[in-house]
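First listed ligand is number 1; within each ligand, the first listed atom is number 1.
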Amino acid sequence: MTDLKSKIVPTWCPGCQDFVIYASLQQAIINQKIDIKDLVIVYDIGCIGNMADFLKVFGVHSLHGRSVPTAVGIKLAHPELKVVVVGGDGGVYGEGLSHLIAAARLNIDITVLVANNQLYSLTTGQTSPTTPKGAKTKSTPKGVESVPIEPEGLIRAVNPTAWVKHVSCQKPPEVTEAIEAALKHHGFDLLDIDQLCVSFGKQLL
Ligand SMILES: Cc1ncc(C[n+]2csc(CCOP(=O)(O)OP(=O)(O)O)c2C)c(N)n1
Ligand code: SF4
Ligand SMILES: [Mg+2]
C-alpha cells in the first residue's frame, strides 16, 4: 500500500473516518490489480477531497460540486480509463446534485464514492442535504427543518440499472468490498459511505 501513498501525511483530524475510506480505496485498487496508469481519480472539495494530496495516483482536484462533470469529461475523452470520483455529501449531493443525476441518467461508466458525514465539514460543520431532520448544526442552531435527501432512491429512480450501495465506515471490510464491486461494475456506480466527522458531527450519532 505504500506505493499508493504520497509523501504528504494526511491532515484529517485524529479519529476521522476519512482514514477508513483512504485505506479501503487503496486496498480495493490493489485487490483489483488496477494498473495505476489506467486510473484517474477526480476529487471534490472538502475534507474528503483533500485525499488528492495523500494518494500517489493520477488525479484532478476539481471544484466544489464539479467533480462529477469533470469525471464525465475525462471518461468521454478517454473511455479506456477507469474514472473514480471521491467527494463529500456537500459537494456531490448539494452543489453538484444536478451533475450527479445527469451522469446517472446517462449511465456514464464512472464510480462515485461519497464520504457522507451529513455535514459541510471543512467549513466547520454546516448542514448538508443529508443532515437528519431536527439535527442541530452550526448553521441550524434550532435544528434542520427539511427532510434529508435519500441518494440511493434518487439515483435508482433515474437509472434502475445503476449500481448503488450504502455502507458504513464502522465496518471497514465492507467499505473495501463495496469499492471493489463498484470498480468492477460497468456503468454508473454510486457508493454512499456513512462517515463520522468526529470534530463537528458527534451530535448526529
Ligand atoms: C463553489 C464553492 N462553494 C463553497 C466552497 C466552500 N467550501 C469548501 S469545502 C466546503 C464543504 C465541503 O463539504 P463536503 O463536500 O460534505 O465535504 P467534507 O468537508 O464534509 O468532507 C465548502 C462549503 C467552495 N470551496 N467552493
Ligand atoms: S473536520 Fe470532520 S470530516 Fe474533516 S477531517 Fe476533521 S473529523 Fe474529518
Ligand atoms: Mg460532508
For Q17 and ligand 2, answer yes if some heavy atom of the residue is under 4.0 Å from a ligand atom, otherwise no. no
Are K75 and D109 close enough for a salt bridge, meaning some N to O gap below 4.0 Å? yes
Check whether any N, O or S atom of L119 sits under 2.8 Å from the Mg ion (ligand 3). yes
Heavy atom to atom 10 (C) of ligand 1, shortest distance: which of Q118, Q195, H64 holds it? H64
Looking only at non-hydrogen atoms, which of P14, C13, P10 approaches atom 6 (Fe) of ligand 2 most closely? C13
Look at the aromatic rings of H185 and W163 and report parallel, tilted or perpendicular, splitting at 30° and 60°. tilted
As an exercise, identify every atom of ligand 1 less than 4.0 angstrom from a heavy atom of D89. 16 (O)
May I ask you to list the atoms of ligand 1 that are less than 4.0 angstrom from any heavy atom of G90? 14 (P), 15 (O), 16 (O)
Side-chain donor-acceptor pair present, D192, Y93, cut-off under 3.5 Å: yes
Looking at ligand 1, does any of its N/O atoms fall within less than 3.5 Å of an N/O of N117? yes
Rounded to the nearest 0.5 Å, how far does SG of C197 lie from CG of L204? 8.5 Å
With heavy-atom distances below 4.0 Å as the criterion, list the atoms of ligand 1 near L119. 16 (O), 20 (O)
Numbering the atoms of ligand 2 from 1, which are under 4.0 Å from a heavy atom of F200? 1 (S)
I need the T127 OG1 to E145 CD distance, nearest 0.5 Å. 10.5 Å
Taking only heavy atoms of I48, which atoms of ligand 1 are found under 4.0 Å from at least one of them? 21 (O)
Under 2.8 Å from the Mg ion (ligand 3), is there any N, O or S atom belonging to N117? yes
Quick one: which ligand 1 atoms are inside 4.0 Å of a heavy atom on L122? 9 (S), 19 (O)
Among the N/O/S atoms of D89, which is closest to the Mg ion (ligand 3)? Give the atom name. OD1
Numbered atoms and elements of ligand 2 in range of V198, under 4.0 angstrom, heavy atoms: 7 (S)
Within ligand 1, which atoms have a heavy atom of C47 less than 4.0 Å away? 18 (P), 19 (O), 21 (O)
Does at least one non-hydrogen atom of N117 fall below 4.0 angstrom from an atom of ligand 2? yes
Joint hydrophobic cluster, I193 plus V85, side-chain heavy atoms closer than 4.5 Å: no
Distance-only donor-acceptor check, side chains E95 and H64, under 3.5 Å: yes
Which of the listed options, G46, G96, A115, holds the heavy atom that is closest to atom 17 (O) of ligand 1? G46
Judged on heavy-atom distance to atom 2 (C) of ligand 1, which of Q126, E95, R66 sits nearest? E95
Does the shortest distance from atom 4 (Fe) of ligand 2 to an N/O/S atom of C197 fall below 2.8 Å? no
